[in-house]
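Below: the structure, in structure tokens.
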Amino acid sequence: MKKLIDEIKAGIKKVGFKNLDEQLGKCGSFIWEKEYPIAVVHSSERIKEKEIVTLFQKQQFLNEEGFTHVSYDKEQLDFLSDNAPQYLQMATMMCLKTPTLYPQPFKSKFPKDYWKKMQETDHVKSVIEMSSFTDKDTKCSVEFSLREVMRKRKEVNVLKKVGYVWIAEIPKVIDIEVVFKHYFLENYSVVYVKEMAYFIGWNETLGGINMRYFVCPPK
């Protein structure tokens, strides 16, 4: 993870969050893809808009029982991202060891599941999540955001075994170090760019991050 984190830190120093994936791609050590699909809606029963159901039918994304495909090529996933993003769950960015092979399989466990989830991670080095905050945020609102995104990512079971990185962009005047120390222990760093601080936390596996305890316990 050290090489990955060093490249992220160097990229942030140059461009912040803007076009970070492009900046990281210039390094050549890894493959970086933003808005990476990790889950697809499971059936037409979960689609609220009639026009989206019609769109899925037109594109032949639904079988006779109303269930979506169990595998997708890149063009199909790009189409969903452009036309029905609310029914495609995506990680902010993915760090890959090798290019993604298509078609990609997505599966559900039960007939009533909301999502079909990605199944292959041999090519994945780490999930990268990025969140921006303002001077109105606090350590508690930052923790809430971190827990929400980690909870959602852990629902995609295969992602628990790959690396996890969370980057928080926040004005320097807000100190959120306690949150990163709590969840990432010694595995965090801070990069300062002008008036912004970029807190970077990481773990070798998403599943290894302990979410049992809180910095700001729910009331």
Side-chain angles (χ1 to χ4, degrees), residues 1-18 20-21 23-24 30 32-39 86 89-95 114-115 117-118 121 124-219:
M1 292 287 282
K2 183 180 184 302
K3 189 171 187 179
L4 183 156
I5 298 302
D6 286 345
E7 291 188 12
I8 288 176
K9 290 164 67 174
I12 288 174
K13 286 177 181 177
K14 287 189 176 182
V15 299
F17 272 4
K18 186 178 180 181
L20 181 59
D21 62 310
Q23 180 62 39
L24 292 171
F30 303 101
W32 305 83
E33 290 191 23
K34 65 178 181 180
E35 297 178 351
Y36 193 93
I38 60 174
Q86 66 272 45
Q89 195 176 135
M90 293 181 283
T92 305
M93 186 160 57
M94 201 75 84
C95 177
Y114 194 104
W115 298 104
K117 300 166 185 177
M118 70 181 293
T121 56
V124 176
K125 174 68 175 176
S126 183
V127 181
I128 317 293
E129 297 292 349
M130 300 155 61
S131 302
S132 295
F133 299 94
T134 71
D135 57 7
K136 293 182 173 60
D137 280 291
T138 66
K139 65 182 181 182
C140 295
S141 62
V142 169
E143 180 188 32
F144 178 81
S145 295
L146 170 60
R147 290 182 66 88
E148 282 293 287
V149 72
M150 286 199 298
R151 178 184 59 78
K152 289 179 181 178
R153 296 300 169 259
K154 285 187 176 187
E155 288 175 355
V156 181
N157 195 53
V158 295
L159 292 181
K160 292 180 183 179
K161 64 182 181 181
V162 304
Y164 185 77
V165 180
W166 192 60
I167 312 170
E169 177 189 58
I170 194 164
K172 287 181 183 178
V173 293
I174 307 297
D175 185 6
I176 57 172
E177 185 174 3
V178 64
V179 175
F180 280 77
K181 186 175 292 187
H182 178 81
Y183 290 98
F184 300 105
L185 306 178
E186 301 300 319
N187 295 330
Y188 73 93
S189 185
V190 189
V191 173
Y192 297 100
V193 180
K194 297 181 180 179
E195 74 280 3
M196 304 302 290
Y198 295 84
F199 284 81
I200 307 165
W202 66 90
N203 202 61
E204 290 291 339
T205 64
L206 172 59
I209 300 174
N210 188 348
M211 295 180 64
R212 182 174 298 178
Y213 306 106
F214 292 76
V215 173
C216 301
K219 296 180 180 179

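Index from 1, following the sequence.
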Check your understanding: Between Ile200 and Ile12, is a side-chain contact (heavy atoms from CB on, under 4.5 Å) present by the stated rule, with each step listed?
Key -> CA-CA 10 Å; Ile200 307 165; Ile12 288 174; 4.0 Å; yes

Exercise for review: Apply the test side-chain contact (heavy atoms from CB on, under 4.5 Å) to residues Ile176 and Ile170: give CA-CA distance (whole Å), side-chain angles for both, the deciding distance (0.1 Å), then the verdict.
Suggested key: CA-CA 9 Å; Ile176 57 172; Ile170 194 164; 3.9 Å; yes

Exercise for review: Kindly indicate, with the supporting measurements, whether the criterion side-chain contact (heavy atoms from CB on, under 4.5 Å) is fulfilled by Leu20 and Ile128.
Suggested key: CA-CA 11 Å; Leu20 181 59; Ile128 317 293; over 6 Å; no

Exercise for review: Go through the steps to decide whether Tyr164 and Asn187 satisfy the test side-chain contact (heavy atoms from CB on, under 4.5 Å), and finish with yes or no.
Suggested key: CA-CA 11 Å; Tyr164 185 77; Asn187 295 330; over 6 Å; no

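Partners of Phe144 according to the ring-ring contact (aromatic ring centres under 6.0 Å, His included) rule, which considers only residues two or more places apart in sequence or in another chain, do not exist here. In this structure Glu7 satisfies the side chain to side chain donor-acceptor pair (under 3.5 Å) test together with Ser29, sequence neighbours excluded. Not counting sequence neighbours, the partners of Tyr198 by the ring-ring contact (aromatic ring centres under 6.0 Å, His included) test are Phe17. Applying the side chain to side chain donor-acceptor pair (under 3.5 Å) criterion to Ser132, with sequence neighbours excluded, gives Glu169. The side chain to side chain donor-acceptor pair (under 3.5 Å) check on Ser131 picks up Trp166, with sequence neighbours excluded. When the ring-ring contact (aromatic ring centres under 6.0 Å, His included) test is applied to Phe184, the partners found at least two apart in sequence or on another chain are Phe180. Under the side-chain contact (heavy atoms from CB on, under 4.5 Å) criterion, Trp115 pairs with Ala39, Gln89, Lys117, not counting sequence neighbours.
Atom-to-atom distance recorded for His182:NE2 and Tyr188:OH is 13.0 Å, nearest 0.5 angstrom. Met94 CE to Thr121 OG1: the interatomic distance, rounded to the nearest 0.5 Å, is 9.0 Å. For the atom pair Glu35 CD and Met90 CE, the distance stands at 5.0 Å (nearest 0.5 Å). Ile5 CD1 to Ser189 OG: the interatomic distance, rounded to the nearest 0.5 Å, is 8.5 Å. Going from atom CH2 of Trp32 over to atom NZ of Lys125 covers 10.0 Å, rounded to the nearest 0.5 Å.
Residue pairs that meet the disulfide bond (SG atoms under 2.5 Å apart) test with at least one member in residues 146-179, sequence neighbours left out, do not exist here. Residue pairs meeting the side chain to side chain donor-acceptor pair (under 3.5 Å) criterion with at least one member in residues 141-151, sequence neighbours excluded: Asp137-Ser141, Glu143-Tyr183, Arg147-Tyr183, Glu148-Arg151, Arg151-Glu155. Sequence neighbours left out, not one pair with a member in residues 207-219 passes salt bridge (charged side-chain N to carboxylate O under 4.0 Å, His left out). Sorted by first then second residue, the disulfide bond (SG atoms under 2.5 Å apart) pairs that include residues 138-219, not counting sequence neighbours, are Cys140-Cys216. Applying the salt bridge (charged side-chain N to carboxylate O under 4.0 Å, His left out) test to every pair with at least one member in residues 170-179, sequence neighbours left out, gives no pairs at all.
Residues Phe133 and Val142 meet the side-chain proximity criterion, which asks for heavy atoms closer than 4.5 Å. Counting heavy atoms from C-beta outward, Phe30 and Leu24 have side chains that stay 4.5 Å or more apart. Within the 4.5 Å cutoff, the side chain of Met93 has no heavy atoms near those of the Val165 side chain.
Looking at every heavy atom in both residues, Val158 comes nearest to Met118 through CG2-O, 3.2 Å. Nearest heavy atoms, Ser126 versus Met1: OG-CE, 4.1 Å. Closest non-hydrogen pair, Lys13 versus Val193, comes out as CA-CG2, 4.1 Å. In this structure, Pro171 and Asp135 approach most closely via the heavy-atom pair CG-N, 3.7 Å.
Of the possible polar contacts, none joining the Thr205 side chain to the Val162 backbone as a donor-acceptor pair under 3.5 Å is found.
Checking each of Ile8, Thr92, Val149 against Met130 for a side-chain contact (heavy atoms from CB on, under 4.5 Å) leaves exactly one that passes, namely Thr92.
Within 6.0 Å of NZ on Lys139 lie no more than 12 heavy atoms contributed by other residues, nucleotides or ligands.
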